[in-house]
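Data first, discussion second: the structure below is written as structure tokens.
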Amino acid sequence: MPEGPEIRRTADRLAKAVAGRPLVSAWFAFQALAPFGPKLAGRRIRAIEPHGKALLTRFDNGWTLYTHNQLYGVWQVCRAGERPPTARSLRVALETADSAILLYSASDIAMLRDTELASHPFLSRLGPDVLDPGLDAAAIEARLQSPAFARRRLGGLLLDQGFLAGMGNYLRTEALFEAGVAPQRRAMDLAPAERAALARALLKVPRRSYRSRGIEPARGMRGEYLSDTPDGFRFQVFDRAGLPCPRCGTPVVRATDAGRRIYACPRCQR
DNA sequence: CTTTAAACCTGCTGGC
DNA sequence: TGCCAGCAGGTTTAAA
């Protein structure tokens, strides 16, 4: 579940299940982390925080578990002692008296002292979290104009976690469509109205996705997503090559941008 | 400095 | 059914 909204939803779920209660056991698959298992018994999880697409599990002893799911990591909540049948490899298990949270498949896992979080190679480079309620359009507009980012092409810029943490491929695709801007434009070349529209879209699209519980591919149906909820986040152009643009009817075009697939309406996005 | 390409990690799907 | 190629919502590194 790889973009900001999905990660934050996961954090919510995990925290609800285990935060605040003493751990009965902790287990790590990786050799380097195994010694932490016994040390964590009896400790509590203070909070589970998303930082962009990374998750920080904060223990009450000055240590934090850093995990990044990349494309394939999966967190699960289950009852204490349970281990749902799966072919995936278990990497972390944190158990309280009644619930457990399990991390499968992820490879980017570390235990860090709270004091070294600020110097972590990934965390230290993150920009403001796109789902941070304190982030506003003015701040994003300022960022788009700052010398550090202004010369960059929007397609690549919006994937850069140092610009806005939590953005990902479907979010950048949808935000650019929402703003009516083509991915090859440079931040510095946007007209004021376009810049304002993009800043607004960069807040609106991720928040709407988070509210509707993120997106999830429908099993066995390539290109279909279980995102069509009542209050609804639904793709306008992502994964919809050849289908009519919802605004003007022109067929949506697929392309490669910054090494990733992107979709756009050639007429609405200039 | 900016952009692209390749590598890395793991899981899933489709084709043969 | 089994194996392999290709792709994926991510990130880092090296090269252009």
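None of the values given here were measured: they were computed from a predicted structure. In what follows, chains carry the letters A, B, and so on, assigned in the order in which the sequence lines appear, proteins first and then strands, with residues in each chain numbered from 1.
No side-chain donor-acceptor contact under 3.5 Å links A/Lys204 to the backbone of A/Ala175.
Atom CD of A/Glu3 and atom C1' of C/dT11 are 13 Å apart (whole Å). Between the CG atom of A/Asp257 and the P atom of B/dA5 there is a distance of 11 Å, given to the nearest Å. Summarising the geometry, the separation between CG on A/Leu103 and C1' on B/dC9 is reported as 13 Å, rounded to the nearest angstrom. Taking atom CZ of A/Arg261 as the reference point, atom C1' of B/dA5 lies 19 Å away to the nearest angstrom. Rounding to whole angstrom units, CG of residue A/Asp239 and P of C/dA8 are separated by 9 Å. Between the C1' atom of C/dC7 and the CG atom of A/Leu71 lies a distance of 10 Å, rounded to the nearest Å. The interatomic distance linking A/Ile7 (CD1) with C/dT11 (P) rounds to 9 Å, in whole Å. A/His68 has its NE2 atom 7 Å from the P atom of C/dT12, to the nearest Å.
In this model, the phosphate group of B/dT2 is not approached by any side-chain N or O of A/Arg153 to a distance below 4.0 Å at OP1 or OP2. Contact check, A/Arg152 against B/dT3: a side-chain N or O comes under 4.0 Å of OP1 or OP2. Put simply, A/Arg151 has no side-chain N or O that comes within less than 4.0 Å of OP1 or OP2 on B/dT3. For A/Arg91, a side-chain nitrogen or oxygen approaches OP1 or OP2 of B/dT10 to under 4.0 Å.
Within residues 47-58 of chain A, the residues that have a heavy atom under 4.0 Å from DNA chain C are, in order of number, A/Lys53. Near DNA chain B, meaning a heavy atom under 4.0 Å from it, residues 156-164 of chain A has no residue at all. Within residues 168-192 of chain A, the residues that have a heavy atom under 4.0 Å from DNA chain B are, in order of number, A/Arg186.
Using a 4.0 Å heavy-atom distance criterion, A/Arg9 is classed as making no nucleic acid contact.
Across all non-hydrogen atoms, the minimal contact from A/Pro84 to A/Gln76 is CG-OE1, 3.1 Å. For the residue pair A/Val237 and A/Glu174, the shortest heavy atom distance occurs at N-OE2, 3.1 Å.
Sorted by first and then second residue, the salt bridge (Lys or Arg N to Asp or Glu O under 4.0 Å) pairs with a member in residues 148-170 of chain A read A/Arg152-A/Asp160, A/Arg153-A/Asp257; sequence neighbours excluded. Pairs passing the side chain to side chain donor-acceptor pair (under 3.5 Å) check and including a residue from residues 123-150 of chain A, sequence neighbours excluded, read A/Gln145-A/Arg195.
Taking 4.5 Å as the limit, every side-chain heavy atom of A/Glu178 sits out of range of all side-chain heavy atoms of A/Gln236. A/Leu144 is listed as a side-chain neighbour of A/Leu154, based on a closest heavy-atom distance under 4.5 Å. Using a 4.5 Å cut-off on side-chain heavy atoms (C-beta onward), A/Leu176 and A/Leu158 make contact. A 4.5 Å side-chain heavy-atom check between A/Thr250 and A/Cys268 finds every atom pair outside the cut-off.
Ring pair A/His68/A/Tyr66 is tilted by interplanar angle, where 30° to 60° counts as tilted. By the 30° and 60° cut-offs, the orientation of the rings of A/Phe238 relative to A/Tyr263 is perpendicular.
The side-chain tip of A/Arg247 points at the ring of A/Phe177 from less than 6.0 angstrom away and within 45° of straight on.
The side chain to side chain contact (heavy atoms under 4.5 Å, CB included) test with A/Phe59 singles out one residue from A/Leu65, A/Thr64, A/Asp114, and that residue is A/Leu65.
Using a cutoff of 4.0 Å between basic side-chain nitrogens and carboxylate oxygens, A/Asp60 and A/Arg43 are scored as salt-bridged.
Consecutive Watson-Crick or G-U pairing (both distances under 3.5 Å) extending over three or more pairs maps onto DNA chain C as B:2-8 with C:10-16, B:10-16 with C:2-8.
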